[in-house]
Protein chains: 4
Amino acid sequence: MADLPGAPPLPAGAVSSAARGAKREHILEAAIRVFALHGYHGARVSDIAAEAGIAYGLVYHYFKNKEEILRTIFDERWNAFLRVVEQVTQGPGTAAEKLHALAGLVLYAYRRRPDWVKVLVFEIRRSSRFSEPEQIRAVGRLFRSVECVLRNGQEAGELRDDIDPQVACLAYVGALETMITSQVLGVMQLPEEPDASDDRTVRAVVELFLGGLRAGRAQ
Amino acid sequence: MADLPGAPPLPAGAVSSAARGAKREHILEAAIRVFALHGYHGARVSDIAAEAGIAYGLVYHYFKNKEEILRTIFDERWNAFLRVVEQVTQGPGTAAEKLHALAGLVLYAYRRRPDWVKVLVFEIRRSSRFSEPEQIRAVGRLFRSVECVLRNGQEAGELRDDIDPQVACLAYVGALETMITSQVLGVMQLPEEPDASDDRTVRAVVELFLGGLRAGRAQ
Amino acid sequence: MADLPGAPPLPAGAVSSAARGAKREHILEAAIRVFALHGYHGARVSDIAAEAGIAYGLVYHYFKNKEEILRTIFDERWNAFLRVVEQVTQGPGTAAEKLHALAGLVLYAYRRRPDWVKVLVFEIRRSSRFSEPEQIRAVGRLFRSVECVLRNGQEAGELRDDIDPQVACLAYVGALETMITSQVLGVMQLPEEPDASDDRTVRAVVELFLGGLRAGRAQ
Amino acid sequence: MADLPGAPPLPAGAVSSAARGAKREHILEAAIRVFALHGYHGARVSDIAAEAGIAYGLVYHYFKNKEEILRTIFDERWNAFLRVVEQVTQGPGTAAEKLHALAGLVLYAYRRRPDWVKVLVFEIRRSSRFSEPEQIRAVGRLFRSVECVLRNGQEAGELRDDIDPQVACLAYVGALETMITSQVLGVMQLPEEPDASDDRTVRAVVELFLGGLRAGRAQ
DNA sequence: CATGAATGAGCGTTCATTCAT
DNA sequence: GATGAATGAACGCTCATTCAT
């Protein structure tokens, strides 16, 4: 996710020994592709190794076991994603602008890196291992970020304050996640958007959440 | 799901030979509990049998294999759920009332049968077999139902018609699903509601979607 | 094999209680068909019951277990066959006539009751349980019968006496068995014979064994 | 079967990577012993592994499954046997000499490698998979070889031409197979022969088939 | 670093057999 | 007698993980 817009460079030291780090990264990317294709349980360590073009024993030089691969993907990718999110939510701008940016971030990420998103959303958030407190907390950080945007918007008088920001942030994140999910599964086809900056879906979601569905208003 | 509000009775013949049907149902309920606890992959057939209090060989008298158990749960429970949903969406009432009823249905179902909901939301949608067209279509039916409510509301002039009903229905369903998910995972604690008829969360979600978040409106 | 030519009636008492005996026989015949089709190991008790049109639990009222079914088939059918064989070998006639009759018996039996022959030749003689002394002895009786024919022919000056009758009887029985086997497997197609009394194959085999292959003789 | 008389060396490359090939061969030989002892169905994969002195999981590194082990034994051993057979049948010599050599080959093979012969004759020809066309054809090759010897003998005027060579070849092969079978099962005890080159049984069989049993001839 | 042979716990599934009705 | 639900031992196979080279 380093190449997502606005992603800060990884902190020095996260990658020690250029070569080792490169190979490790190579395995992770192979694992993401395989997890996205077959799911965590359906992916064999040998599949990952084959996808990475290495002997499967070598995987164990870089990762303790299969689960650590998944956890590493989550840690690195999710945290990178969170950093971008927090850059947006803690930056300048109105709540509306931030909600817009968030929606763009999420939908754009899926367009750019569908495998990453599939793994983060399907394999990790829905995996049984996800119940681990550390991962719960990591996801909580996303909700907290969005909640914070909403709460600040309320305090600034920009957003109405009679709606529980917790409920609203869950709704917003859930809405975005389902946009992605429906694309992944092909349940519903949203219009293809060649360019995220001109993303009608993003604008529709934001306007939906800001303006509401009720008719008879200044739109 | 026969006991969810408004669930129509199962058609006669759905259960052949009362005793056999009862035992089959017994195994399904045990499977739901085990799947909810350990996940589909983490559940052993012997766990299901133990939970049902029978020899595990007997499971194979009632189901071809482990996967058929999951598929049966999906078929029966999801379709029962859909029937209730469609009763609501195709019945009388304004779009607002129907959205309210839908939210109540979803959140109430989780409160009443958390295991069922966990399995339907987590285990089936996650399972690799979920990609099968039949199951995709079954989920699509839910979206179609909600979309229909929105479209009718727009045509009746009740809802604004400048928001794509497809996007809105994805958002609505996703919002509700995430309410549940966050409860399941404990990511965020919504207030405990002792009684679904007085469900502040339901009202918050509906008002969020109808009225929007933007301030400075007649609320 | 009661209906093979010359088969003596079963001794009274072999079938007790007409009804019970009939059902038992019915199961045996079903078992023969199933064993012939799928082999002993590939045949399930439930297959046999289904073929017989009864509940599979009932099989155990008539037979101790699956193996006893096979053993019973062997005992009854093989002994019936042996009785016919011994009728021939111990009856009047030259050795040549008896060899001819034996060949006809074997090849005709396969034409009439291929399933019986398949089971006797493939499933029993080749089953690992066949090593049991009792069954070895039963098969030995066949060899002994043929050996006796040959030995008597030698003593009568009808057959040359410089060939070990043991070797010759093995060769003769083996030749006949392979005729059958090649038919069953379709390895080699012998000409279809509509009528056993005019069986060129039988005559060829007999002439082969009596006259030998060497050329330059009065034929 | 490489060590049977006249067996040609395996083509280079048949064994890739000396070590891997050796271990594979080691498993095959263990499997032959176990199959010969318990039969294919009675042999557990773990028995084979134990006999080979390896972990049973390793069996699956070398063979797809249990059946592939049997098929491999058949493919390799039977084809090696056929090569020797065809060397004899297509080489120089009279038909009588070739029939003699064939009998020696078969009976000697059993003396040398009883387990191989047991598996080839009992486990493979008996197995349900044996019906597969490929295996039928492989067995057909043996018959064809013998048939060819007989036909050539007839054309050369060495053998009488009024006996169908197909019938005669079935009889000859069947006779030899039954010699073996009776030895395996102990139905009949042929005299122990310390040395195949002086094999009275071989000479008896050949003289039986060439000279016939009828008395009163120049012998 | 790199390889892939080796290990063995674990699980799904089959099916002969028993037994309550 | 007749049924088929119930039992559970047995076994094939997978695959994460280790380790010698």
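A, B, ... follow the sequence lines: proteins, then strands. Residue 1 opens every chain.
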My understanding is that a pair needs two contacts under 3.5 Å, Watson-Crick or G-U wobble. By that rule, which nucleotide pairs with F:dT21? E:dA2
Within the 4.0 Å heavy-atom criterion, would you say D:A49 contacts the bases, only the backbone, or no part of the nucleic acid? nothing
Name the residue closer to the 5' end of DNA chain F, choosing between C:I54 and D:K64 according to the nucleotide with the nearest heavy atom. C:I54
Rounded distance [0.5 Å steps], CZ in B:F63 versus CD1 in B:I48: 9.0 Å
Applying the 3.5 Å cut-off to both distances, the Watson-Crick or G-U partner of F:dC15 turns out to be E:dG8
Over how many whole Å does the gap from A:L58 atom CG to E:dC1 atom C1' extend? 7 Å
Answer with base, sugar-phosphate or nothing: what part of the nucleic acid does C:Y62 contact at a heavy-atom distance below 4.0 Å? sugar-phosphate
For C:H61 and A:S46, take the nucleotide of DNA chain F holding the closest heavy atom to each; which residue's nucleotide lies nearer the 5' end? C:H61
Any Lys/Arg nitrogen of B:K66 or B:E123 sitting under 4.0 Å from an Asp/Glu carboxylate oxygen of the other? no
What's the closest nucleotide to the C:Y56 side chain, out of F:dG12, F:dA6, E:dA16? F:dA6
Testing F:dT3, F:dT17, F:dG8 for proximity to the side chain of B:A55, the answer is F:dG8
From the candidates E:dC11, F:dA5, E:dA16, the one with an atom nearest any side-chain atom of C:Y60 is E:dA16
